[in-house]
Amino acid sequence: MKTNQESDLLEESPPQQNGVAQTSPTHYSSITPPAPEEEPISTYFEEKIPVPEDVTQVFSFRKLWAFTGPGFLMSIAYLDPGNIESDLQSGAKAGFKLLWVLLGATIIGLLLQRLAARLGVVTGMHLAEVCNRQYPTVPRIILWLMVELAIIGSDMQEVIGCAIAFNLLSVGRIPLWAGVLITIIDTFVFLFLDKYGLRKLEAFFGFLITIMALSFGYEYVRVAPNQGEVLKGMFVPYCEGCGPVQLEQAVGIVGAVIMPHNIYLHSALVKSRQVDRASKKEVKEANKYYFIESSIALFISFLINVFVVAVFAEAFYDKTNMEVNQQCNETGSPHTDLFPLNNETLQVDIYKGGVVLGCFFGPAALYIWAIGILAAGQSSTMTGTYSGQFVMEGFLNLRWSRFARVLLTRSIAIFPTLLVAIFQDVQHLTGMNDFLNVLQSMQLPFALIPILTFTSLTSIMNDFANGLVWKIGGGVTILLVCAINMYFVVVYVTALNSVLLYVLSALLSVAYLCFIGYLVWQCLIALGVSCLDVCGRIQVGQARHIDIYLLNNMDGDCLEEN
């Protein structure tokens with residue numbers, strides 16, 4: 001037996017239902033954004049960039065420039081210290097052989113970012129806000145906690161990267177723990193930048209990306225890798241002579257490139273342009289230009305990642321600790337003790353990476369490397385701050401000031417990092433990156449499954465909902481990415497060699513997989529698998545789509561049929 005609300009929804013076409021405009025298929029509509037008085041405190045939307053009117057041209061550089069900004073802020077996540085460390089390890093362990101994995105992961109990332117941008121443009125709401133409206137209370141809170149864990153893990157990696165950069169630039173005069181504390185201060189300083197205008201803030205991010213491109217580009221020119229090998233590694237999907245080490249590294253590349261919080265971030269950043277969502281033409285145009293801008297931004301980030309991989313592939317692939325130790329001795333490096341006198345293969349991280357560059361190519365290579373790492377860490381810190389605020393506002397509708405929000409997450413991120421920096425050495429500090437990569441890999445389904453779910457719902461996206469190709473392709477892609485990351489997690493856990501940790505991991509895995517199963521169930525219903533609608537809300541022969549189930553009364557119990 002249906003309620004009056006359901007009957008009205010199925011038989012009529014009311015202008016709005018639970019914030020969703022329901023109209024005939026020929027009329028464009030979207031989720032109604034929050035009223036202005038309900039708009040939460042934001043650090044990014046105090047102004048909106050106008051889009052110039054130019055109806056006579058199929059493509060306009062003026063319009064592309066107006067939409068340029070969000071994609072470059074989003075691309076920062078592809079250049080954070082965790083990615084840089086994954087790049088250099090890939091080059092040192094596998095040479096040029098895994099460049100095609102980096103290319104494939106970047107393309108997959110672009111397709112996922114496209115879904116995030118489209119959700120924000122079409123609905124006027126970002127992913128966290130849509131999750132808040134569509135999921136029941138308990139799953140929504142769990143989802144928020146998982147995303148917060150991913151943001152905190154990313155924040156810790158950025159703090160580690162900045163602390164190491166300060167240490168290298170000061171030739172050890174700034175200890176690691178002091179570098180960690182400095183990141184607290186500079187984050188609050190940089191938060192004032194958005195008060196000078198949105199375009200100036202975006203220009204500053206562009207400046208940081210330029211520093212990274214010049215820094216790592218210098219290393220690329222200085223080392224001069226074999227261009228034929230670079231192209232072969234990029235376009236030939238094969239890894240000759242590779243073993244478990246290279247396989248694990250390939251999995252690590254995918255995990256480092258595709259970041260869960262970045263999906264939430266990009267869906268929010270696109271709201272910063274003036275787009276009339278009542279006009280299908282303007283929405284379609286915005287989607288086009290955002291996709292072009294994201295493609296350019298990720299292409300630049302891909303080139304920077306290639307620079308790092310190629311440098312370490314050319315200079316340090318198959319190098320032994322003995323060779324590096326001898327070279328550092330000859331150049332008088334104070335860091336020779338980092339490399340034991342044995343013939344084991346060189347193991348590098350972002351700290352050792354700078355040291356070995358300095359030993360082989362001079363002090364300038366070390367300092368320029370550190371500048372690039374510092375730019376990566378600072379830019380990632382700022383975008384992580386925005387991600388955290390969007391997620392908290394969207395999921396919980398909390399109206400915190402930006403400083404209170406940053407103080408909370410930065411304190412959580414800095415406290416364990418500071419303890420390691422004070423009581424342990426740099427090897428333990430950089431070793432935290434492996435754990436943090438695993439942590440973020442585990443959170444990836446909590447961004448990818450919801451974005452596919454909601455962009456596939458016609459009652460949310462209307463004419464811009466995913467077609468059959470995108471539904472199937474997106475589902476297969478997300479399944480593949482999540483499977484790769486789960487393999488990465490299993491490899492990490494099995495290497496711990498602790499029965500207690502095995503048991504704890506098994507218990508956590510049951511709860512983890514159950515929640516993912518719930519999200520997948522909702523996603524499959526959205527994709528059109530009506531047989532999974534066990535609550536019986538969708539009646540055979542009704543004209544409305546199956547997505548009505550997700551859009552109405554999700555907090556209620558299944559209706560009983562008389």
- Please lay out, stage by stage, how Leu231 and Leu99 fare under the test side chain to side chain contact (heavy atoms under 4.5 Å, CB included). CA-CA 9 Å; Leu231 293 175; Leu99 279 172; over 6 Å; no
- Atom CG in Asn305, atom CD1 in Ile253: separation rounded to 0.5 Å? 9.5 Å
- Taking all heavy atoms of Ala447 and all of Leu127, pick out the closest pair and write down the distance. O-CD2, 4.0 Å
- Indicate yes or no: at least one non-hydrogen side-chain atom of Gln157 is less than 4.5 angstrom from one of Ser380. no
- Item | Results of ring-ring contact (aromatic ring centres under 6.0 Å, His included) for Tyr78 - residues two or more places apart only | none
- For Ser90 and Leu98, the nearest pair of non-hydrogen atoms, with its separation, is OG-CB, 3.7 Å
- Item | Derivation and outcome, side chain to side chain contact (heavy atoms under 4.5 Å, CB included), residues Trp521 and Ile525 | CA-CA 6 Å; Trp521 172 56; Ile525 293 176; 3.6 Å; yes
- Item | Distance flag, aromatic centroids of Tyr290 and Phe67, threshold under 6.0 Å | yes
- Do the side chains of Glu85 and Ile373 get nearer than 4.5 Å, heavy atoms only? no
- Rounded to the nearest 0.5 Å, what's the gap from CD1 on Ile296 to CG on Leu110? Could you check? 11.0 Å
- With a 4.0 Å cut-off, would you call Glu202 and Arg199 a salt bridge? yes
- Query: Can a salt bridge be assigned to the pair Lys271 and Glu129 using a cut-off of 4.0 Å between side-chain N and carboxylate O?
  - Reply: yes
- Run the ring-ring contact (aromatic ring centres under 6.0 Å, His included) check on Phe454 and Tyr135 step by step: do they pass? CA-CA 11 Å; Phe454 299 129; Tyr135 284 125; 5.3 Å; yes
- Gap separating the CD1 atom of Ile76 from the CD1 atom of Ile209, nearest 0.5 angstrom: 3.5 Å
- Message: As a quick check of understanding, evaluate side chain to side chain contact (heavy atoms under 4.5 Å, CB included) for Lys63 and Glu285, giving each step before the final call.
- Response: CA-CA 9 Å; Lys63 284 193 175 182; Glu285 187 177 67; 2.6 Å; yes
- Item | Atom pair CD (Gln443) and CG (Leu448), whose distance is rounded to the nearest 0.5 Å | 11.5 Å
- Query: Can you check whether Cys131's main-chain N or O pairs, donor with acceptor, with Arg140's side chain at less than 3.5 Å?
  - Reply: no
- Task: Work out which heavy atom in His126 is nearest to a heavy atom in Gly394; give both atom names and the distance.
- Result: CE1-CA, 3.8 Å
- Task: State, yes or no, whether a side-chain contact exists between Ile258 and Leu444 at a heavy-atom distance under 4.5 Å.
- Result: yes
- Will you find, in the side chains of Glu293 and Tyr289, an N or O donor that is under 3.5 Å from an N or O acceptor? no
- Query: Quick one: does Leu119's side chain get under 4.5 Å of Val270's, heavy atoms only?
  - Reply: no
- State, to 0.1 Å, how close Arg62 and Glu53 come at their nearest heavy-atom pair, and which atoms those are. NH1-O, 4.4 Å
- Query: Which heavy atom in Ile449 sits nearest to a heavy atom in Ile478, and how many Å separate them?
  - Reply: CG1-CG2, 4.4 Å
- Could you tell me whether a side-chain N or O of Arg114 sits under 3.5 Å from a main-chain N or O of Asn287, the two making a donor and an acceptor? no
- Query: Between Phe59 and Phe61, what is the ring plane arrangement, given parallel below 30°, perpendicular above 60°, and tilted in between?
  - Reply: perpendicular
- Does the Asn83 side chain pair with the main chain of Ala256, one donor and one acceptor, at a distance under 3.5 Å? yes
- Item | Minimum side-chain heavy-atom gap Phe205-Thr383 below 4.5 Å | yes
- Query: Can you say whether the rings of Tyr512 and Phe446 are parallel (under 30°), tilted (30 to 60°) or perpendicular (over 60°)?
  - Reply: perpendicular
- Message: I need the minimum non-hydrogen distance between Val306 and Val230, along with the two atoms involved.
- Response: CG1-CG1, 4.3 Å
- Message: Checking side-chain contact (heavy atoms from CB on, under 4.5 Å) between Leu519 and each of Thr453, Leu524, Leu452, Leu143, which is the one that passes?
- Response: Leu143
If you look only at distance, which donor and acceptor atoms sit under 3.5 Å apart when one is on a side chain in residues 465-473 and the other is two or more places apart or in another chain?
| from | atom 1 | to | atom 2 | distance (Å) |
| --- | --- | --- | --- | --- |
| Asn466 | ND2 | Thr455 | O | 3.4 |
| Asn466 | ND2 | Thr455 | OG1 | 2.8 |
| Asn466 | ND2 | Ser456 | OG | 3.1 |

- Item | Leu149 side, atom CG; Ser154 side, atom OG - distance, nearest 0.5 Å | 12.5 Å
- Message: For Phe307 and Phe216: C-alpha separation, side-chain torsions, deciding distance, then whether ring-ring contact (aromatic ring centres under 6.0 Å, His included) applies.
- Response: CA-CA 6 Å; Phe307 289 161; Phe216 299 129; 8.4 Å; no
- Taking the side chain as C-beta and beyond, is there a heavy-atom pair between Met146 and Met442 under 4.5 Å? no
- Give a yes or no on whether the backbone of Asp276 and the side-chain of Glu282 come within a donor-acceptor separation of less than 3.5 Å. yes
- So how far is it from Ser215 OG to Ile304 CD1, rounded to the nearest 0.5 Å? 9.0 Å
- Query: Considering only heavy atoms from C-beta outward, does the side chain of Val122 approach that of Ile460 to under 4.5 Å?
  - Reply: no
- Note on the structure: Between Ser387 and the options Asn262, Ile151, Asp155, the side-chain contact (heavy atoms from CB on, under 4.5 Å) test singles out Ile151
- Message: Could you walk me through whether Val283 and Ser279 satisfy the side chain to side chain contact (heavy atoms under 4.5 Å, CB included) test, starting with their C-alpha distance in whole Å, then the side-chain angles of each, then the deciding distance to 0.1 Å, before giving a yes or no?
- Response: CA-CA 6 Å; Val283 172; Ser279 169; 6.0 Å; no
- Query: With no hydrogens and no angle check, is any side-chain donor or acceptor of Ser379 less than 3.5 Å from a backbone partner on Ala375?
  - Reply: yes
- Item | Phe72 backbone acceptor or donor facing Ser75 side chain under 3.5 Å | yes
- Item | Side-chain heavy-atom pair Phe390, Phe395 within 4.5 angstrom cut-off | no
